[in-house]
Amino acid sequence: MLEIRHKAIECIGCAQCVEIAPNYWQLDDEGMAKLLDKTKDYGQFEFAMGFHDDEQSLKAAEDACPVDIIKISTS
């Protein structure tokens with residue numbers, strides 16, 4: 001499994017993550033990205049688990065984020 005970390009409080013609403021990996025993010029009512037199926041929430045960071053089959057799209061979302069608030073790592 002992959003660990004997804006998302007610092008939602010710093011989201012600017014560009015929606016790149018939603019477009020690239022819609023199974024993991026969606027926009028909320030204010031137009032900010034929210035991590036779906038989060039397993040933990042530590043202050044500013046949301047955490048979720050991702051499938052290795054989705055690693056390419058998750059890494060693409062990480063790379064596309066203009067404010068660098070998405071981190072993907074192997075757990």
Side-chain angles (χ1 to χ4, degrees):
M1 295 294 286
L2 301 170
E3 182 179 78
I4 305 164
R5 290 174 287 158
H6 181 240
K7 196 171 185 182
I9 195 167
E10 293 185 11
C11 180
I12 61 170
C14 76
Q16 290 292 315
C17 55
V18 176
E19 291 179 28
I20 295 168
N23 291 335
Y24 292 93
W25 282 275
Q26 71 180 16
L27 294 180
D28 66 12
D29 293 339
E30 297 174 2
M32 299 297 130
K34 295 296 175 193
L35 187 57
L36 299 174
D37 299 325
K38 64 183 175 181
T39 56
K40 299 181 254 177
D41 193 342
Y42 291 119
Q44 297 178 7
F45 284 93
E46 300 174 336
F47 293 83
M49 300 306 289
F51 295 105
H52 282 286
D53 289 348
D54 297 329
E55 184 171 7
Q56 185 175 2
S57 63
L58 290 169
K59 289 287 191 175
E62 176 183 38
D63 292 341
C65 181
V67 288
D68 198 31
I69 61 171
I70 298 170
K71 301 294 178 205
I72 309 299
S73 59
T74 305
S75 60

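- Linking Ile, Leu, Val, Met, Phe, Trp and Tyr whenever their side-chain heavy atoms come within less than 4.5 Å leaves Leu36 and Met1 in two separate clusters.
- Using a 4.5 Å heavy-atom threshold, the side chains of Arg5 and Glu46 count as separate.
- From His52, atom NE2 reaches atom OG1 of Thr74 across 5.5 Å, with rounding to the nearest 0.5 Å.
- Both Ile4 and Leu27 sit in one connected hydrophobic cluster of ILVMFWY residues. Membership requires side-chain heavy atoms under 4.5 Å apart, directly or through other members.
- Contact annotation: the side chain of Phe51 never approaches that of Leu2 to less than 4.5 Å [non-hydrogen atoms, C-beta and beyond].
- A continuous path of Ile, Leu, Val, Met, Phe, Trp and Tyr side chains, each step under 4.5 Å between heavy atoms, connects Trp25 with Val67, placing both in one hydrophobic cluster.
- Between Ile70 and Ala61, the shortest heavy-atom contact is CD1-O, 3.9 Å.
- Summarising the local packing, CD1 of Ile12 is surrounded by more than 12 heavy atoms from other residues, nucleotides or ligands at distances under 6.0 Å.
- In this structure, the separation between CD1 on Ile72 and CG on Asp63 is 9.5 Å, given to the nearest 0.5 Å.
- We find the OG-CG distance between Ser57 and Asn23 to be 7.5 Å, quoted to the nearest 0.5 Å.
- Between Leu35 atom CG and Lys7 atom NZ the span is 15.0 Å, to the nearest 0.5 Å.
- Contact check for Asp53 versus Gln56: no side-chain heavy atoms found under the 4.5 Å cut-off.
- Take Cys11 and apply the side-chain contact (heavy atoms from CB on, under 4.5 Å) test, not counting sequence neighbours, and it matches Met32, Ala33, Ile69.
- Proximity of Phe47 to Glu3: side-chain heavy atoms (C-beta onward) are separated by under 4.5 Å at one or more points.
- Atom-to-atom distance recorded for Asp54:CG and Lys59:NZ is 13.5 Å, nearest 0.5 angstrom.
- Between atom CD of residue Glu55 and atom CD of residue Glu62 there is a gap of 10.0 Å, rounded to the nearest 0.5 Å.
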